[in-house]
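Structure record follows, encoded as structure tokens.
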Amino acid sequence: MDEYDSGPPANFLAHFNALPDYTPIKENFWFDWGTVFYRGRLDGTAKIICVASDPGPTERIACRTLVGNAGQRAQGFLRKMGISKSYICVNGFAYALFPSKLSYGIAALSRPELLAWRNKLFDMLKTPSVKAVIAFGAVAQKAVDLWPGKTGLRIENTFHPSYHTPTAAAKKEMLDDWNRVVTELRKIIKPDDDMHNMPSLYGKSFTEADYAPIPKRDLPFGLPDWFGDDQWFRAHRGANSVSRPSPDDRHTLKWKAPKK
């Protein structure tokens, strides 16, 4: 537990606390579970801004963005570019959006109060070291498109790591596009100092080698040592250690520990 994230610096803390009130639109979100804001570097050293959609159940436990199965896919994706730590991950929404409300969510990104708050956050994240923005999925892509400050950055729109691939063709389309992004960003972003051996590109399907555990430096103090590495769950026909019950009462999460 020598490495952990102690929380946002004062300027980001003030901005997070200034999040506009979601109450007028709360029926579209798992509102009572509250907010999740970020994961990664808020100290100006990030080379890539990763933008996803909204926090899932695992993110709620960690209070950090992209830490579940999708986050571990994204972590592996970053490592293929040679990036082990120089990133910051945020979402289009601070609250978890109901999947059935996706169309509404995309429209709600343009609400003036949310737009101004989110664009200011993006502006704060755009430091001289940032070279690119990766927008995962439709919500993220709309959020980045609405950001005037993206000028001068390489913008890569691609599939969300939780994108459903029911056919071999859909899986190939996603992985081909992820390989495209990796190849392009390798050209403009210097690898982190600890990345001596670049992982290979994706094959025909995801393998366990394409995932990467969430680094302890990204997580708050006190989580179990296995948190952020769901390899055991993937091997036992699962994906995440945290899930919602079915039917969902909107106020319950199920958290399961691996059997050792």
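All of these numbers come straight from a predicted model, not from anything done at the bench.
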Who are the side-chain contact (heavy atoms from CB on, under 4.5 Å) partners of [X], not counting sequence neighbours?
X      : answer
Asp176 : Lys172
Tyr38  : Asp5, Pro8, Phe16, Leu42, Arg64, Ile88, Val90
Asn179 : Leu201, Tyr202
His236 : Trp232

Using residues 238-247 as the side-chain source, report each donor-acceptor pair under 3.5 Å to any protein atom, sequence neighbours left out, with the distance given to one decimal.
unit_1 : atom_1 : unit_2 : atom_2 : d
Asn240 : OD1    : Asn69  : N      : 2.5

Please check if the distance between the ring centroids of Tyr163 and Trp178 is under 6.0 Å.
-> no
Any chance the rings of Trp30 and Tyr95 have centres within less than 6.0 Å?
-> no
Indicate every side-chain donor-acceptor pair of residues 126-138 with a distance under 3.5 Å to a residue at least two apart or in another chain.
unit_1 : atom_1 : unit_2 : atom_2 : d
Lys126 : NZ     : Gly149 : O      : 2.6
Lys126 : NZ     : Thr151 : O      : 2.7
Thr127 : OG1    : Gly44  : O      : 3.2
Thr127 : OG1    : Ser129 : OG     : 3.2
Ser129 : OG     : Gly44  : O      : 2.8
Ser129 : OG     : Ala46  : O      : 2.6

Answer yes when Arg180 and Asp177 have at least one side-chain N-carboxylate O distance shorter than 4.0 Å, and no when they do not.
-> yes
Can you establish whether the number of heavy atoms outside Asn197 located under 6.0 Å from its atom CG is more than 12?
-> no
Sequence neighbours left out, what pairs pass salt bridge (charged side-chain N to carboxylate O under 4.0 Å, His left out) with at least one residue falling in residues 192-204?
-> Lys47-Asp192
Salt bridge (charged side-chain N to carboxylate O under 4.0 Å, His left out) pairs, two or more places apart, involving residues 70-81 = Lys80-Asp210
By side chain to side chain donor-acceptor pair (under 3.5 Å), Ser100 pairs with (sequence neighbours left out) none
For Thr35, enumerate each residue passing the side chain to side chain donor-acceptor pair (under 3.5 Å) test, keeping only those at least two apart in sequence or located in another chain.
-> none
Could you list the donor-acceptor pairs under 3.5 angstrom formed between side-chain atoms of residues 103-110 and any protein atom two or more places apart in sequence or on another chain?
none

Contact check, side chains of Leu175 and Phe206, non-hydrogen atoms, under 4.5 Å = yes
Scan residues 212-224 for pairs that pass side chain to side chain donor-acceptor pair (under 3.5 Å), counting only residues two or more places apart or in two chains.
-> Arg39-Asp218, Arg41-Asp218, Tyr87-Asp218
With under 30° as parallel and over 60° as perpendicular, where do the rings of Tyr22 and Phe93 fit, or are they tilted in between?
-> perpendicular
